[in-house]
Every structure is written in C-alpha cells, then in structure tokens.
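Since the structure comes first, as structure tokens, the remarks are kept for the end.
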Amino acid sequence: MVSEAMPAARLFLAIRLGRTGRLAEAREQLGMLRTDFGDVRFVVFDGFVVGVEAWLDATEGRYAEAVEKVRRALARAADQVTRVIAPHMFSVHLTTAAIALTGLDGGLRAPDAARCLAVCDQLLPPGHLPSVMEREVRAEAEAGVRAVLGDAAYEAAYAEGGGLSLEEAAALV
C-alpha cells in the first residue's frame, strides 16, 4: 500500500541523511521517491526535490551540476503556486546557489554568491522561522563566501545584492 505521506517522508529522510553526511543514502531515497512516485509533477514538491538534489550536489563539490539544478529549482520557486504555498523556497534555493557559485570556477563567482545571500535575506517572508537545515545551509554558504572573498569584499558584494529583484538574483545563478 502506498501512502500519500511517503513522498514527503522520503524527502525529509533524504534531508536528514544529507545533513548527517550520508549523501549516498540521501540520493538513494530521492531515487526511490522518483521511482515509486514517477516524475514529481506538482510544481511545489518538484521544486523541493530538485532543490535537495542541488544541495546534495553542492555538498559533494559537484558545483556545475548544483548550479544547473538550482536554476530549475528557482524556476519552480518563482511559480505563483509555489510562492503562495512555500514563499521561502526562493531564498532556500539561493543559499544552495551561493554554495555552488563559491565553489565554481575557483571562487571567481563568489561575489555573485554574496549577492545571492543578500537577496535570500531580503526575500524571506516576514515572520519566517527557518528550519535547522535552512540555518545550517545559510551559515555554511556565508562562511564559504567569506573565506574566499574576505570580510570587506563579502560586505561590499552583499550590499550590492540588497536591492536586486527575484529575477535579477536568478540571473546571477
């Protein structure tokens, strides 16, 4: 018997496995999710899944693959349905983008990563309480960008990103 809760359970298990360094097992859960439930067609849920896949890629240092998946996840996050149901998803995906951009091209894209973090912070809905994963990924992203750029260059790039729109931020990725 297949439960409607199973896709979400597999997704949350994949996140937990990824957070504890069990990346192969996390990918296995996502693979089973896609196998058991076919292509995830609901735009919001598909955005979550692609975003987790991007995060796993970035965590493993597969930055080019992560950037490609983040672009897809951002497109889904910009969808009107997603913006109503999960308005924080654009910000969540931008943190993953920041990790991937920092690692891409030997750090040459790190200023764009700092700009993405600025947009991430400004687009969070009022009153949003980030999950543990969101807090961890955000801290990891900022630490990585600061390590590459230094504090002064990070602050300057972050300030440049503060006024960017959702579309402008997506174009940085």
Side-chain angles (χ1 to χ4, degrees), residues 11-12 14-15 18-19 40-173:
L11 181 62
F12 292 129
I15 291 169
R19 287 182 52 231
V40 182
R41 298 271 186 225
F42 183 53
V43 68
V44 178
F45 194 70
D46 184 50
F48 278 113
V49 174
V50 173
V52 171
E53 290 170 338
W55 169 66
L56 291 171
D57 284 345
T59 300
E60 287 183 312
R62 297 164 54 183
Y63 303 120
E65 293 95 334
V67 166
E68 184 273 320
K69 287 176 185 160
V70 167
R71 287 179 184 142
R72 289 185 6 225
L74 287 170
R76 285 155 180 83
D79 180 86
Q80 281 300 106
V81 173
T82 303
R83 292 175 78 178
V84 169
I85 294 173
H88 66 293
M89 287 314 300
F90 203 87
S91 293
V92 169
H93 298 319
L94 283 177
T95 60
T96 299
I99 293 169
L101 290 173
T102 300
L104 199 63
D105 299 328
L108 293 175
R109 301 282 312 276
D112 286 338
R115 292 178 191 104
C116 283
L117 290 176
V119 176
C120 161
D121 293 344
Q122 82 180 16
L123 290 179
L124 281 173
H128 176 72
L129 297 173
S131 69
V132 171
M133 180 194 178
E134 289 174 59
R135 290 191 307 268
E136 289 174 354
V137 173
R138 175 64 178 77
E140 176 188 349
E142 182 175 336
V145 178
R146 283 184 185 275
V148 170
L149 294 179
D151 290 336
Y154 171 83
E155 295 297 336
Y158 184 93
E160 291 172 9
L164 297 178
S165 69
L166 185 138
E167 294 80 14
E168 290 168 324
L172 293 174
V173 177

Review point. Considering all heavy atoms of both residues, which atom of S165 and which atom of V119 are nearest to each other, and what is their separation?
Key: O-CG1, 4.3 Å
Check your understanding: Backbone N or O of F90 within a donor-acceptor pair of the R83 side chain at under 3.5 Å?
Key -> no
Point to revise | Criterion side-chain contact (heavy atoms from CB on, under 4.5 Å) on E142 and Y154, from CA distance to verdict | key: CA-CA 9 Å; E142 182 175 336; Y154 171 83; 3.5 Å; yes
Check your understanding: How many angstroms lie between atom CD1 of I99 and atom OH of Y63, to the nearest 0.5 angstrom?
Key -> 8.5 Å
Point to revise | Rounded distance [0.5 Å steps], CG in D79 versus CE in M89 | key: 12.5 Å
**Study point:** Minimum heavy-atom distance P87-V84, with the two atoms named
**Key:** CD-O, 3.9 Å
Review point. So which heavy atom on C116 is nearest to which on L94, and how close?
Key: O-CD1, 3.8 Å
Practice item. Let me know which of V173, L74, V50 forms a side chain to side chain contact (heavy atoms under 4.5 Å, CB included) with H93. Key: L74
Practice item. Look up atom CD in E134 and atom NE2 in H88, then write down how far apart they are to the nearest 0.5 Å. Key: 4.5 Å
**Study point:** Value rounded to 0.5 Å, distance of CG in D46 from CZ in R76
**Key:** 4.0 Å
Study note, to complete from the structure: Separation between CD (E136) and CD1 (I15), nearest 0.5 Å, reads 11.0 Å
Practice item. For the pair T59 (side chain) and W55 (backbone), establish whether a donor and an acceptor sit closer than 3.5 Å, ignoring hydrogens and angles. Key: yes
Point to revise | Which atom of A98 lies closest to which atom of A141, heavy atoms considered | key: CB-CB, 4.0 Å
Exercise for review: Indicate the atoms forming the closest heavy-atom contact of A114 with V145, along with that distance.
Suggested key: CB-CG1, 3.8 Å
Practice item. Kindly determine whether R19 and V132 satisfy side-chain contact (heavy atoms from CB on, under 4.5 Å), including the steps that lead there. Key: CA-CA 10 Å; R19 287 182 52 231; V132 171; 3.0 Å; yes
Check your understanding: If we only count heavy atoms from C-beta on, is the L164 to L172 side-chain gap below 4.5 Å?
Key -> yes
Check your understanding: Which residues satisfy the side-chain hydrogen bond (donor to acceptor under 3.5 Å, both in side chains) test with R115, sequence neighbours excluded?
Key -> D112, E160
Check your understanding: Can you tell me how far the CD atom of E155 sits from the CG atom of L149, to the nearest 0.5 Å?
Key -> 10.5 Å
Practice item. Kindly give the heavy-atom pair with the smallest separation between T82 and A77, and that separation in Å. Key: CG2-CA, 3.7 Å
**Study point:** Selection residues 117-127 - residue pairs positive for salt bridge (Lys or Arg N to Asp or Glu O under 4.0 Å), sequence neighbours left out
**Key:** D121-R138
